[in-house]
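Below is one structure, written out as structure tokens, with a few remarks after it.
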Amino acid sequence: MSVHEQFAEDLALYALGTLQGQERAAIETHLKGCADCRAELERLGGDVALLAFSVSGPRPPARSKARLMAAVASEPRKVPIREVKPLRSSWRTWFSVFESAGAVAVVVMVLLLVRQNRELNRQLAEARSGSAVQQEQLQRAKELVASLISPDAVRYTLVAAKTLPQPQGKALYVAKTGTLVFLASNMPALPPQKTYELWLIPTSGSPIPAGLFRANAQGSAAIVRPQLPVGVEAKTFAITVEPESGSAAPTTQPIMVGRQG
Amino acid sequence: MSHAASEAVSTDAMLVSAIRAGDQSAMAQLYDKYSGIVYSVALRVLGDTGAAEDILQEVFMQLWRNPDGFDATRGSLPGWLAVIARNRAIDSLRKRRPEDEISDVVVRVEPDLLQEVEWKRSLEKIRGAMGGMSAPQRSALEMSFFQGLTHQEIAEKTGEPLGTIKTRIRAGLLVLRKACQR
């Protein structure tokens with residue numbers, strides 16, 4: 001081990017997450033260029049876990065497991081929510097020609113389509129091998145791409161009741177295939193243990209959960225193809241703030257509601 | 001890594017894969033294995049059973065929602081869960097938003113430590129090493145980990161020089177490492 005001694009103690013504090021200010025900035029700069037210190041930081045992370053294992057205490061009450069499993073059951077596996085990653089600096093200038101968040105959202109949508117097309121091509125090659133499963137996957141991918149570019153696709157723009165700092169959500173929804181892509185921008189930060197929940201408001205019946213999301217540091221988030229029933233006509237979409245595990249039905253008033261356009 | 005330890009790690013990885021596929025029973029199995037350590041850490045930080053239960057729920061729901069946040073090739077699951085629990089509990093204590101993405105947390109633990117047969121002995125080693133430290137050293141480590149205090153805050157509380165606190169914390173972590181390498 002050849003850790004730089006001048007950083008050895010600060011590395012330990014950094015592993016504990018308690019190094020602040022200039023010392024933190026200095027070590028982060030050093031870590032970028034020092035593989036030995038990065039390796040030592042990883043070892044220190046393991047040491048920190050040992051510290052956690054030093055705790056002994058009572059088992060959690062039985063109700064905790066029941067609570068967890070109820071929350072898990074009420075939230076069946078959803079497509080992972082993928083936050084919109086910050087754009088690399090070299091792209092920022094190029095993107096600055098777009099003056100509205102809506103334009104950026106459209107670009108992100110195109111990128112999603114391009115990625116989907118690549119997946120389609122890959123699945124097409126595999127499907128030619130004759131696998132029935134692959135044929136089915138190919139069909140689903142084709143339907144998704146067709147849905148997203150279909151003239152039947154209806155766009156919904158969600159705006160905040162209070163206009164500053166102008167959070168915005170854009171939902172692209174195809175009822176006949178139950179396909180939804182949702183992008184949000186300028187979303188305010190939420191307190192811990194709270195999450196945003198998107199709702200499909202059908203023309204008749206109760207709101208349908210359409211995904212949970214938290215915005216990244218830039219206030220952006222995306223939900224791509226959440227599990228939705230097929231063929232539900234949407235009157236609109238809405239967003240509420242819910243407990244961290246989400247809700248089966250809205251428990252608060254919507255903070256954003258949609259209109260077609 | 002022994003064969004049994006390798007199996008322990010791969011079992012966790014398999015359970016996480018099952019969770020990724022939406023298997024709720026895999027979630028129950030992982031809860032049975034690791035809820036004790038997650039709850040104990042949260043309770044130690046927060047000192048409140050209700051708040052500790054909330055953290056327990058939050059940590060496991062994060063695993064359910066985003067199993068890809070844990071990379072089995074980069075660390076151990078119980079270590080990852082324990083450190084996430086500690087970080088979330090400190091955030092809750094300080095009433096601040098989570099500071100790290102769960103996928104940023106990497107915790108490597110000696111694989112043999114994860115073997116169930118070795119688990120009890122390993123915990124004894126860790127607790128023995130903690131007990132063998134001087135009171136000021138153990139206190140500095142615990143204030144840093146369980147209270148999330150910076151070395152400046154610890155120095156103010158104890159009246160000790162900053163450099164002394166830094167040295168004690170690093171040396172304490174190395175003592176734990178050495179205890180588990182024996």
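Throughout, a chain's letter reflects where its sequence line sits, starting with A, and its residues are numbered from 1.
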If I measure from the heavy atoms of chain A, does B/L43 come under 4.5 Å with its side chain, its backbone, both, or neither? side chain

Can you tell me how far OG of B/S144 sits from NZ of B/K166, rounded to the nearest 0.5 angstrom? 12.0 Å

Look at the aromatic rings of A/H30 and A/F7 and report parallel, tilted or perpendicular, splitting at 30° and 60°. parallel

Find the one option among B/L173, B/V41, B/V38, B/T150 whose heavy-atom pairs under 4.5 Å with chain A are most numerous. B/L173

Honestly, the part of A/L16 sitting under 4.5 Å from a heavy atom of chain B is both

Under 4.5 Å heavy-atom distance to chain B, tell me which part of A/L41 shows up: side chain, backbone, both or neither. neither

Could you check whether B/Q57 and A/S64, counting side-chain N and O atoms only, form a donor-acceptor pair closer than 3.5 Å? no

In terms of heavy-atom proximity below 4.5 Å to chain A, should B/E142 be classed as side chain, backbone, both, or neither? neither

Flag the pair A/E75 and B/R65 as a salt bridge only when some basic side-chain nitrogen lies within less than 4.0 angstrom of an acidic carboxylate oxygen. yes

Of the backbone (N, CA, C, O) and the side chain (C-beta and beyond), which part of B/L56 lies under 4.5 Å from a heavy atom of chain A, both, or neither? side chain

Heaviest contributor of heavy-atom pairs below 4.5 Å to chain B, chosen from A/E9, A/R59, A/M69, A/R63, is A/E9

May I ask you to check whether A/Y196 and A/E242 show a side-chain donor-acceptor distance below 3.5 Å? no

Who among A/P60, A/A52, A/A12 has the most heavy-atom pairs with chain B under 4.5 Å? A/P60

Closest-packed option against chain A by number of heavy-atom pairs under 4.5 Å, given B/S35, B/G163, B/A82: B/S35

Under 4.5 Å from any heavy atom of chain A, what part of B/M130 do you find: side chain, backbone, both or neither? side chain

Using the six-membered ring of B/F145, assess whether NZ or CZ of B/R86 lies under 6.0 Å from its centre and within 45 degrees of the ring axis. yes

Region of A/A15 that comes under 4.5 Å of a non-hydrogen atom in chain B: neither

Between atom SG of B/C180 and atom CD1 of B/I126, what is the distance when rounded to the nearest 0.5 Å? 4.0 Å

Between A/G246, A/P58, A/S54, A/G57, who has the most heavy-atom pairs with chain B when the cutoff is under 4.5 Å? A/S54

Checked B/T49, B/I169, B/L174, B/T167 vs chain A; the most non-hydrogen pairs under 4.5 Å come from B/T167

Between A/R43 and B/R177 (side chain of the first, backbone of the second, donor and acceptor by atom type, cut-off under 3.5 Å), is there such a pair? no

Would a line drawn from the ring center of A/F182 to the ring center of A/F213 be shorter than 6.0 Å? yes

